[in-house]
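What follows is one structure encoded as structure tokens, with my remarks underneath.
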Amino acid sequence: MSHHHYPQGNIEWNPIPFAGKWGISTSFFQIAAQWAREQRAQGETPLPVPQIAAQIANQVSEALTLPSGFQRVESVNGYLNLYFDPLEFTRRVVDFVLERGERFGWGETKGKRILVEFSQPNTHKAFHVGHLRNVVLGDALCNILEAAGYEVIRANYINDTGLHVIKWLWNYQKHHAGEEPGEDKTRWMGDLYAEANKRLEENPQLESEVRQLYARWDQREPEIMALWQKTRQWSLEGFDQIYATLGVRFDHVFYDHELEKPGQELVEELIRKGIAVDERPEGPVIVRLDDLLGLKKETYRVLVVLRSDGTSLYATKDLPLAIKKFEMFNPDRSVYVIDVRQSLYLQQIFKTIALMGHPEWAERCYHFSYEIVNLPGNVTIASREGTVVLLEDLVREARQRALEVVREKNPNLSPAEMEEVARVVALGAIKYPMLAREATKIVTFDWNAALDFNGQAAPYIQYAHVRANSILRKMDTPLPASLVPSHELHPTEIQLIDWISRIPGEVQRAAQEMRPLYLTNLAYELARAFNDFYAECPVLKADEETRAARLRLVAAAKQAMANLLRMLGILPPEVM
RNA sequence: GCCCCAGUAGCUCAAUGGACAGAGCAGUAGCCUUCUAAGCUAACGGUUGUGGGUUCGAAUCCCGCCUGGGGCGCCA
């Protein structure tokens with residue numbers, strides 16, 4: 001084996017993937033494999049690739065002059081590991097975090113704008129845990145994109161018209177005229193909607209009354225319009241309550257009813273341009289996507305853009321909405337946070353936009369798809385079946401449970417503080433399961449799991465943050481100035497700093513791939529590392545120099561955990 | 001029939017094509033006169049659905065199959 005010319009290869013550095021090992025690593029397998037191929041091509045019999053890689057790694061490690069900032073180099077099994085100088089690196093990481101403060105983890109401004117549409121609730125209907133997943137994911141996604149350096153426009157699209165609204169109005173007029181919602185507006189709206197469906201199921205002949213009412217609404221009869229306006233407002237107020245509870249805001253809200261007329265006009269345009277086929281009155285207005293795109297295999301199939309009776313469908317309004325978003329905001333990306341069942345539908349919408357002469361807009365559209373929330377036993381959440389967990393109930397139960405726990409764990413807090421802690425912990429616990437798995441996985445909602453605040457859950461991370469805060473609160477001096485630690489670092493200190501140092505890179509990766517999960521995982525690992533450190537390393541009682549260095553590390557860890565939690569839409573409490 | 005997704009420990013889930021597949025929950029055995037035990041430690045727990053292929057190297061990429069879920073012309 002030779003010492004001659006190995007092929008050139010790209011060197012990719014990664015963190016050394018072992019706990020307590022602290023540095024960067026690369027391997028020489030690719031170069032070794034390339035070398036072996038060349039040898040074989042020349043009729044020679046090379047050594048096995050792992051052996052060649054090991055030899056290269058050895059040679060490199062011997063020849064290498066240690067770059068500054070590194071402590072030692074190591075060659076093992078074909079890998080080359082460069083270990084950081086822990087003391088200097090610690091100072092750099094900690095100083096950087098404390099300088100950046102709340103902006104630690106944030107990236108440079110990218111000069112790109114992303115519009116994210118999420119939540120999309122229906123007025124006159126309930127708000128359940130399935131809807132929660134959308135809001136939680138959409139909000140976290142916006143936070144993460146913003147942190148990564150994008151300009152983000154948070155858009156909501158409220159569905160305030162349609163058959164479900166008419167059914168609700170019919171039931172209200174007939175059985176609840178003059179009634180008003182109580183404090184829990186959304187629940188009441190949902191109850192009346194479920195009741196309407198029940199009545200119609202029991203007496204199908206009543207459907208004709210609903211159709212009559214729909215016709216009157218379509219005619220814009222003042223009495224009906226006034227009722228619609230008034231009742232719609234109740235739902236909107238209910239949504240505002242929910243978004244306030246969840247700590248979610250929107251920059252712009254689109255309403256279904258605004259798009260009705262543009263939608264009808266757009267359909268006429270599609271027909272004129274020969275994109276849509278008008279089969280009325282026998283059939284609806286359709287866009288034969290596969291035919292128009294010349295696809296032989298069924299791919300996009302057929303999109304129905306208008307009912308045969310001329311009334312609007314989702315597509316009737318989604319098409320003008322897609323265009324309106326570009327005209328209003330000209331985003332570089334237009335993201336739709338919508339569940340996976342609408343995948344084909346959204347692809348149809350995007351293709352239709354392209355066919356209408358806006359291929360550049362269509363390319364900027366992206367479906368952020370996520371799986372639904374089920375109940376145990378693979379039971380779908382459906383208000384008609386009565387299998388529904390309302391968000392209001394979940395929040396109330398979780399707050400109640402969290403309040404019991406905080407009373408037991410920390411009886412010194414004032415009642416007001418306890419309420420606030422319970423609120424923050426409960427919301428974190430509720431949001432966490434939505435963020436702690438791939439969006440492609442179904443979430444099975446389970447009351448026991450939802451109300452369990454131990455282990456891998458938001459309260460674990462929040463508690464680590466509280467512990468860090470607790471140490472800092474008891475520090476009777478100002479935070480020590482920047483220093484290079486003089487004590488030998490404990491492995492748990494190294495692990496903690498290692499996780500902190502990865503945050504800016506992981507924020508970029510999470511934004512790039514639109515995966516909040518990366519930050520959820522990181523936040524958990526960081527909290528775990530802090531709890532290990534907390535158990536192993538005294539801070540306040542350490543000797544003066546160790547104490548100073550550790551206090552700064554605790555402050556940095558606290559900041560890091562708080563920043564990650566906020567990106568996930570979870571609040572970091574000061575006490576628990 | 002066509003298309004999409006999932007399948008990893010008893011359960012819920014992680015895991016840049018890379019080094020020994022990691023956590024939590026449940027169960028077992030321990031740790032509170034020491035910065036809050038919503039915590040920590042230890043042991044236990046795996047043929048990554050299955051059969052091929054690509055690769056120096058596969059839970060990860062490709063092909064087939066199995067199981068479960070979802071979508072597919074006037075629901076939203």
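Just so it is clear: chains get the letters A, B, ... in the order the sequence lines come, proteins before strands, and each one is counted from 1.
For A/F29 and A/Y79, the distance between ring centers is under 6.0 angstrom. In this structure, the ring of A/Y336 has its center no less than 6.0 angstrom from the ring center of A/F368. Outside the 6.0 Å centre-distance limit, the rings of A/Y300 and A/F350 are not counted as a close aromatic pair.
Regarding contacts with the backbone of B/G24, every side-chain N or O of A/Y432 stays at 4.0 angstrom or more from both OP1 and OP2. For the OP1/OP2 pair of B/A14 and a distance below 4.0 Å, the side-chain nitrogens and oxygens of A/R515 include no atom meeting the criterion. One finds a side-chain N or O of A/R307 lying less than 4.0 angstrom from the OP1 or OP2 phosphate oxygen of B/C75. A close approach under 4.0 Å does not occur between any side-chain nitrogen or oxygen of A/R341 and OP1 or OP2 of B/C75. Remark: A/N378 is not in phosphate contact with B/G68, judged by side-chain N or O atoms under 4.0 Å from OP1 or OP2. When the side-chain nitrogen and oxygen atoms of A/K409 are compared with OP1 and OP2 of B/A38, one or more of them lie within a distance under 4.0 Å.
The side chain of A/Y534 lies closest to B/A37, out of B/A15, B/A23, B/A37. Distance from the side chain of A/V302 is smallest to B/G73 among B/C25, B/C56, B/G73. Closest approach to the A/R467 side chain among B/A76, B/G39, B/U16 is made by B/G39 (side chain taken as heavy atoms from C-beta onward). Among B/C35, B/A38, B/C74, the nucleotide with an atom closest to any side-chain atom of A/L313 is B/C74. Comparing B/A38, B/C35, B/C74 by their nearest atom to the side chain of A/P459 picks out B/A38. Closest approach to the A/R509 side chain among B/U16, B/C3, B/C74 is made by B/U16 (side chain taken as heavy atoms from C-beta onward). Closest contact between the side chain of A/K441 and the listed nucleotides B/A19, B/U16, B/C13 involves B/C13. Distance from the side chain of A/T440 is smallest for B/A6 among the nucleotides B/A15, B/A6, B/C25. Of the candidates B/C74, B/U41, B/A76, the closest approach to any side-chain atom of A/N159 belongs to B/A76. Side-chain proximity of A/V539 to the nucleotides B/G39, B/C2, B/C35 is greatest for B/C35.
Atom name P, nucleotides B/U60 and B/U50: the rounded distance is 11 Å, in whole Å. Separating the P atom of B/G71 from that of B/U54 is a span of 38 Å, rounded to the nearest Å. B/A14 and B/G49: their P atoms are spaced 14 Å apart (whole Å). Going from the P atom of B/C62 to that of B/G69 covers 25 Å, rounded to whole Å. Spacing of P atoms, B/G10 relative to B/G73, comes out at 41 Å, to the nearest Å. Atom name P, nucleotides B/A42 and B/C25: the rounded distance is 14 Å, in whole Å. Comparing the same atom, P, in B/C75 and in B/U16 gives a spacing of 43 Å after rounding to whole Å. Nucleotides B/A26 and B/C44 place their C1' atoms 12 Å apart, quoted to the nearest Å.
Across all strands shown, A/E282 has heavy atoms under 4.0 Å from base atoms, whether or not it also approaches the sugar-phosphate. Among the protein residues, A/V285 comes within range of no part of the nucleic acid, since none of its heavy atoms lies under 4.0 Å from any strand. Residue contacts for A/P281: at a heavy-atom cut-off of 4.0 Å it reaches no nucleic acid atom on any strand shown. At the heavy-atom level, A/F453 lies under 4.0 Å from base atoms of the strands shown. When heavy atoms are screened at a 4.0 angstrom cut-off, A/R288 is found touching base atoms of the nucleic acid. Using a 4.0 Å heavy-atom distance criterion, A/E371 is classed as making no nucleic acid contact.
Evaluation of A/Y345 against the base of B/G71 yields no stacking contact (centre distance < 5.5 Å, interplanar angle < 30° required). Residue-nucleotide stacking is not present for A/Y79 and B/G18, judged by a side-chain ring centre under 5.5 Å from the six-membered base ring centre and planes under 30° apart.
The distance from atom CD of A/Q348 to atom CG of A/L319, rounded to the nearest 0.5 Å, is 10.0 Å.
Nucleotide B/G1 forms a Watson-Crick or G-U wobble pair with B/C72, both donor-acceptor distances falling under 3.5 Å. Checking B/A19 for Watson-Crick or G-U wobble geometry (two distances, each under 3.5 Å) identifies no partner in any strand. For B/G45, there is no paired nucleotide, since no Watson-Crick or G-U wobble pair has both relevant distances below 3.5 Å. The partner of B/A6, taking Watson-Crick or G-U wobble pairs whose two distances both stay under 3.5 Å, is B/U67.
Using a 4.0 Å cut-off between charged nitrogen and carboxylate oxygen, A/D290 and A/R301 do not count as a salt-bridge pair. A salt bridge does not link A/D309 to A/R307: none of the charged side-chain nitrogens sits closer than 4.0 Å to a carboxylate oxygen. A/E74 and A/R72 are joined by a salt bridge, as a carboxylate oxygen and a charged side-chain nitrogen come within less than 4.0 angstrom of each other.
The glycosidic torsion of B/C32 lies within 90° of 0, placing the base in the syn range. A glycosidic torsion no more than 90° from 0 defines the syn conformation, and B/G73 adopts it.
Counting distance only, with no hydrogens placed and no angle test, the side-chain atoms of A/R301 and the base atoms of B/C2 include a donor-acceptor pair under 3.5 Å. For a distance-only test at 3.5 Å, the side chain of A/S25 qualifies as a donor-acceptor partner of the base of B/A19.
A/P46 and A/R40 get closest at one heavy-atom pair: CG-NH2, 4.0 Å.
Counting to the nearest Å, the P atom of B/C3 and the NZ atom of A/K351 are 17 Å from each other.
Summary of the strand contacts: A/C537 and A/S312 both lie near RNA chain B, and taking for each the nucleotide with the nearest heavy atom, the more 5' one is attributed to A/C537. Summary of the strand contacts: A/V466 and A/V304 both lie near RNA chain B, and taking for each the nucleotide with the nearest heavy atom, the more 5' one is attributed to A/V466.
Between the A/R552 side chain and the A/A548 main chain, no donor and acceptor come within less than 3.5 Å of each other.
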